[in-house]
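Numbered from 1 within each chain, the chains take letters A, B, ... in sequence-line order. Only a predicted model underlies this, so the values are computations on that prediction, with no experimental measurement involved.
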Number of protein chains: 2
Amino acid sequence: MATARTLQLDSVCPATRTLVEHVTSKWGVLVLIALADRPAMRWSELKREIPGVSEKMLIQTLQTLEADGLVLRTAHPVVPPHVEYSLTEPGREAHDLLAPLVRWAYDRATR
Amino acid sequence: MATARTLQLDSVCPATRTLVEHVTSKWGVLVLIALADRPAMRWSELKREIPGVSEKMLIQTLQTLEADGLVLRTAHPVVPPHVEYSLTEPGREAHDLLAPLVRWAYDRATR
DNA sequence: CAGGGTACTCACCTCCGGGTGAGTACCCCA
DNA sequence: TGGGGTACTCACCCGGAGGTGAGTACCCTG
């Protein structure tokens with residue numbers, strides 16, 4: 001059943017495509033990178049650290065990645081809201097696979 | 001100068017972003033995969049093997065990847081046109097970095 | 001008692017990746 | 001002589017990613 005081909009063309013089905021799009025989206029990449037070297041981050045912390053994100057896109061990206069099971073949202077029901085985001089195990093996997101590609105692109109683009 | 005962080009947030013500058021977008025685009029992924037296990041392919045061959053590509057998107061994707069230096073276009077000036085496309089060395093690098101990510105997404109999406 | 005921080009939602013707009021369909025110039029084969 | 005294969009270009013359209021700005025409800029601090 002194993003083929004010579006490393007990856008089949010039909011592996012890139014709509015569901016695969018959607019996941020790849022979410023993970024490699026403009027802000028998806030940034031969120032994964034930002035969350036990768038901290039156990040957890042608050043929403044406002046992410047907003048401050050990711051250069052140029054609008055509040056709308058931050059929320060939207062976090063919600064998408066949470067729905068994909070890559071990011072965990074933990075809300076503490078205190079009087080001034082306190083929400084923390086962290087990578088799940090699959091989220092870390094995504095980051096670890098994405099990072100080399102981004103680094104390669106960075107090296108190429110700025111050579 | 002080295003940081004604990006694997007990847008800096010500002011590595012994802014516009015130029016990096018553009019390259020990542022091209023490589024992870026819907027048809028960019030398919031073209032890289034298709035070209036990865038053959039020394040060269042004709043245009044019509046790519047069109048036949050990549051399920052669902054329109055002629056416009058095939059051309060457009062190939063031209064973008066060629067401009068990025070990831071794909072080599074070789075035209076033989078014969079009477080019925082004969083054009084071949086192949087991966088350059090950077091193109092192969094891109095494929096090799098992309099493939100694990102796509103495979104991971106496929107496994108997740110179809111688990 | 002006004003200003004700033006917390007984590008959002010809602011409405012509106014723009015741009016472009018991607019889709020659809022037609023046209024082209026040349027040749028070969030039936 | 002017309003139908004199919006070769007490798008394209010051109011014109012038009014649509015949906016969604018991404019951007020902009022305002023509004024919200026509550027609290028603490030100066």
Asker: Would you compute the distance between atom CG of B:Asp10 and atom CD1 of A:Ile50 and round it to the nearest 0.5 angstrom?
Answerer: 12.5 Å
Asker: Measure from CG on B:Leu58 to C1' on D:dT9 and round the result to the nearest Å.
Answerer: 14 Å
Asker: Rounded to the nearest 0.5 Å, how far does CD of A:Glu49 lie from CG of A:Leu30?
Answerer: 11.5 Å
Asker: Over how many whole Å does the gap from A:Ile59 atom CD1 to C:dT9 atom P extend?
Answerer: 5 Å
Asker: Mind calculating the distance between CD (B:Glu84) and P (D:dA7) to the nearest angstrom?
Answerer: 9 Å
Asker: Please tabulate, for side-chain N and O atoms in residues 62-69 of chain B, each donor-acceptor pair with protein atoms closer than 3.5 Å (sequence neighbours left out).
Answerer:
{"from": "B:Thr64", "atom 1": "OG1", "to": "B:Gln60", "atom 2": "O", "distance (Å)": "2.8"}
{"from": "B:Asp68", "atom 1": "OD2", "to": "B:His22", "atom 2": "ND1", "distance (Å)": "2.5"}

Asker: Mind checking if A:Glu45 touches a base, just sugar-phosphate, or nothing, with heavy atoms under 4.0 Å?
Answerer: nothing
Asker: Rounded to whole angstrom units, what separation is found between the NZ atom of B:Lys47 and the P atom of D:dG4?
Answerer: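 From B:Lys47 NZ to D:dG4 P: 14 Å.
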Asker: OP1, OP2 of D:dT6 versus side-chain N and O of B:Arg48: anything below 4.0 Å?
Answerer: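 Looking at the OP1 and OP2 atoms of D:dT6, one of them is under 4.0 Å from a side-chain N or O of B:Arg48.
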Asker: Using a 4.0 Å cut-off on protein heavy atoms (strictly under), produce a 5'-to-3' string for nucleotides 11-30 of chain C with B for base contact, S for backbone-only sugar-phosphate contact, and - for none.
Answerer: B------BBB-----SS---
Asker: For C:dA7, does OP1 or OP2 lie under 4.0 Å from any side-chain N or O of A:Arg42?
Answerer: yes
Asker: Any side-chain N or O of A:Ser44 below 4.0 angstrom from OP1/OP2 of C:dT6?
Answerer: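 Indeed, a polar side-chain atom of A:Ser44 lies that close.
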Asker: Roughly how many Å is it from CG in A:Leu30 to P in D:dG19, rounded to a whole number?
Answerer: 10 Å
Asker: About how many Å separate CZ of B:Arg38 and CD of B:Glu84, when rounded to the nearest 0.5 Å?
Answerer: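 B:Glu84 atom CD to B:Arg38 atom CZ measures 12.0 Å (nearest 0.5 Å).
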Asker: For A:Arg92, which residues count as a side chain to side chain donor-acceptor pair (under 3.5 Å) partner, sequence neighbours excluded?
Answerer: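 Scan of A:Arg92 (side chain to side chain donor-acceptor pair (under 3.5 Å), adjacent residues dropped) gives none.
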Asker: What integer distance in Å separates A:Trp43:CH2 from C:dG5:P?
Answerer: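 The answer, rounded to whole Å, is 13 Å.
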Asker: If you measure from CD on A:Glu93 to OG1 on A:Thr88, what distance do you get to the nearest 0.5 Å?
Answerer: 8.0 Å
